[in-house]
Amino acid sequence: MSLTLGIIKPDAVQSGRAGNILAHLEAAGFTVRALQMTRLNTVQAGAFYSVHKERPFFDSLVTFMTSGPLIPVVLEADDAVMELRKVIGATDPAEADDGTVRKLFAESKERNAIHASDSDENASAEIAFFFSAHQTLGL
Ligand code: CMP
């Protein structure tokens, strides 16, 4: 078993789809190991997405990710990083496979309902970004 970080993004929280997305992830075999609702400020969102800071969509992405509450969630499964990326589908919901979270719940390439870590190394860093030691005791 391994861990990954998912983030139910502000579009999905605002439109009342967070519960359906969590249910979808559990039905797909993930176990929720830690979860919170929080809100990012501009500095925090910029730091989280710093790998994209030269991209043309960076400012818009930061504006979107600070627009409302979001729900980071630590998920456990066999090969959790790769499995979650499969289950959420392509970045752009128009290109996502049927049955994936983004096909079912995302609005657009930017407002795409959910984030997932892209490597075990980034999963560890992203979990530590949102969850403190006492919240991850026992993971
Ligand atoms: P995520 O998987 O969280 O990683 C980076 C995010 O940037 C991505 O989901 C989208 O929300 C956003 N993104 C990526 N590419 C684009 C794009 N071409 N235009 C707008 N937003 C994008």
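All residue numbers refer to positions in the sequence shown, counting from 1. As the structure lists them, so they are numbered: ligands from 1, and atoms in each ligand from 1.
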Quick one: table the atom pairs, ligand 1 N or O against protein N or O, below 3.5 Å, distance rounded to 0.1 Å.
{"from": "ligand 1", "atom 1": "2 (O)", "to": "Arg102", "atom 2": "NH2", "distance (Å)": "3.1"}
{"from": "ligand 1", "atom 1": "3 (O)", "to": "Lys9", "atom 2": "NZ", "distance (Å)": "2.7"}
{"from": "ligand 1", "atom 1": "3 (O)", "to": "Tyr49", "atom 2": "OH", "distance (Å)": "2.5"}
{"from": "ligand 1", "atom 1": "3 (O)", "to": "His115", "atom 2": "ND1", "distance (Å)": "2.9"}
{"from": "ligand 1", "atom 1": "9 (O)", "to": "Lys9", "atom 2": "NZ", "distance (Å)": "3.0"}
{"from": "ligand 1", "atom 1": "9 (O)", "to": "Asn112", "atom 2": "ND2", "distance (Å)": "3.2"}
{"from": "ligand 1", "atom 1": "11 (O)", "to": "Lys9", "atom 2": "NZ", "distance (Å)": "3.0"}
{"from": "ligand 1", "atom 1": "11 (O)", "to": "Glu110", "atom 2": "O", "distance (Å)": "2.9"}
{"from": "ligand 1", "atom 1": "11 (O)", "to": "Asn112", "atom 2": "OD1", "distance (Å)": "3.4"}

- Message: Tell me every residue that passes side chain to side chain donor-acceptor pair (under 3.5 Å) with Asp118, counting only those two or more places apart in sequence or in another chain.
- Response: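 Partners of Asp118 under the side chain to side chain donor-acceptor pair (under 3.5 Å) test: Asn122.
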- Query: Just by modelled atom types, is the Leu75 backbone N or O under 3.5 Å from a matching donor or acceptor in the Thr4 side chain?
  - Reply: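 No, the answer is negative, given that no donor and acceptor are paired below the 3.5 Å cut-off.
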- In terms of the angle between their ring planes, are Phe129 and Phe48 parallel, tilted or perpendicular, with boundaries placed at 30° and 60°?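 The rings of Phe129 and Phe48 stand perpendicular, inter-plane angle above 60°.
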- Task: For Asp97, look at atom CG and say whether over 12 heavy atoms of other residues, nucleotides or ligands are found less than 6.0 Å away.
- Result: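 Open: at most 12 neighbouring heavy atoms sit under 6.0 Å from CG of Asp97.
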- Query: Between CG of Leu61 and OG1 of Thr66, what distance do you get to the nearest 0.5 Å?
  - Reply: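 Atom-to-atom, Leu61:CG and Thr66:OG1 are 9.5 Å apart.
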- Measure the CG-NZ distance between Asn112 and Lys103 for me, rounded to the nearest 0.5 Å.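 Nearest 0.5 Å value for the CG-NZ distance: 13.5 Å.
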